[in-house]
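Small disclaimer: the values here were computed from a predicted structure and weren't measured.
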Amino acid sequence: MRSVIFAVMLGAACTAAAQMYRWTDDKGRVHVTDTPPPPAAAKDLQKKSVTISGAAAPQSAALPYAVQLAAQTFPVTLYTARECEPCGAARNLLNARGVPFREVLVADEVQQAELQKVAGALAVPSVVVGSNVQKGFEESAYHSLLDIAGYPKAGTVPVRTQAEPQPAVPPAGPEAGSAEEPADAASGPYVPGSTATGIRTRK
């Protein structure tokens, strides 16, 4: 009899655990409860649009409720470089889970300084989820960070199609150099594993 009661209690506990709600009140405080957010809070949140800079912005208008909550509390930024295979894998994983994210293509000193500040190293890809940083691409580590942040599992929300950002085209002019002059190694295109910019591809 006791085992039957325990099984019923365990089932009830699992059901309750599966119905947790994470929401933010009008003062910016995050709540995790076993009851839905107050109608006023849910209505107010639905009126707000999640602002994501970069290529993610056009897809942010109709984000699912759970994604909006996670994105507001734990925004995601992905640092990548050109011709970086692990960077593509990282981008594909975020898209597959329907995660809105800002992607920074590290191509100049300003972006390198930003990456160094947030990740502590010039390593790509690097992903920042809220205040947590993962250097290099490791599928299980990415999923763990997203799970902790409350992003829905892959297959439960629409897949995104955010593409790799395109680098800025430098203005043409005499200062750009002639076609006959060889390009300086430090100013050439990024090559994975190269030491010209000091950026390293990490798997």
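- No donor-acceptor pair closer than 3.5 Å links the side chain of Tyr151 to the backbone N or O of Gly98.
- Side chains of Ser126 and Gln134: no donor on one and acceptor on the other come within 3.5 Å.
- Heavy-atom minimum distance, Arg97 versus Ala154: CG-CB, 3.9 Å.
- In this structure, Val118 and Val133 approach most closely via the heavy-atom pair O-CG2, 3.4 Å.
- With sequence neighbours left out, Ser144 forms a side-chain contact (heavy atoms from CB on, under 4.5 Å) with Ile148.
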* To do: For the pair Glu114 and Arg102, evaluate salt bridge (Lys or Arg N to Asp or Glu O under 4.0 Å) and give the outcome as yes or no after the intermediate values.
  => CA-CA 13 Å; Glu114 180 181 339; Arg102 167 180 173 250; 3.1 Å; yes

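- By the 4.5 Å heavy-atom criterion applied to side chains, Val127 and Val76 are counted as neighbours.
- For the atom pair CG of Asn132 and CG of Leu146, the computed distance is 10.5 Å after rounding to the nearest 0.5 Å.
- Between Tyr142 and Pro125 there is a side-chain heavy-atom pair separated by less than 4.5 Å.
- Within the 4.5 Å cutoff, side-chain heavy atoms of Glu103 are placed close to those of Gln162.
- The shortest distance between side-chain heavy atoms of Val124 and Leu115 falls below 4.5 Å.
- Here disulfide (SG to SG under 2.5 Å) pairs that include residues 85-159, with residues two or more places apart or in two chains, are Cys84-Cys87.
- A distance of 10.0 Å separates CG of Leu145 from CD of Glu138, quoted to the nearest 0.5 Å.
- Gln111 places a side-chain N or O within 3.5 Å of a backbone atom of Asp108 that can act as its donor or acceptor partner.
- Taking CG of Leu105 as the start and CZ of Arg82 as the end, the distance is 6.5 Å to the nearest 0.5 Å.
- For the atom pair CG (Leu78) and CZ (Phe101), the distance works out to 6.0 Å, reported to the nearest 0.5 Å.
- Scanning for side-chain contact (heavy atoms from CB on, under 4.5 Å) contacts around Pro64 gives Val67, Val157, Pro158, with sequence neighbours left out.
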* From CA spacing to verdict: side chain to side chain donor-acceptor pair (under 3.5 Å), Thr80, Glu164 -> CA-CA 9 Å; Thr80 61; Glu164 177 182 3; 5.7 Å; no

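- Not a single donor-acceptor pair under 3.5 Å links the side chain of Arg160 to the backbone N or O of Ala96.
- Lys153 places none of its side-chain heavy atoms less than 4.5 Å from the side chain of His143.
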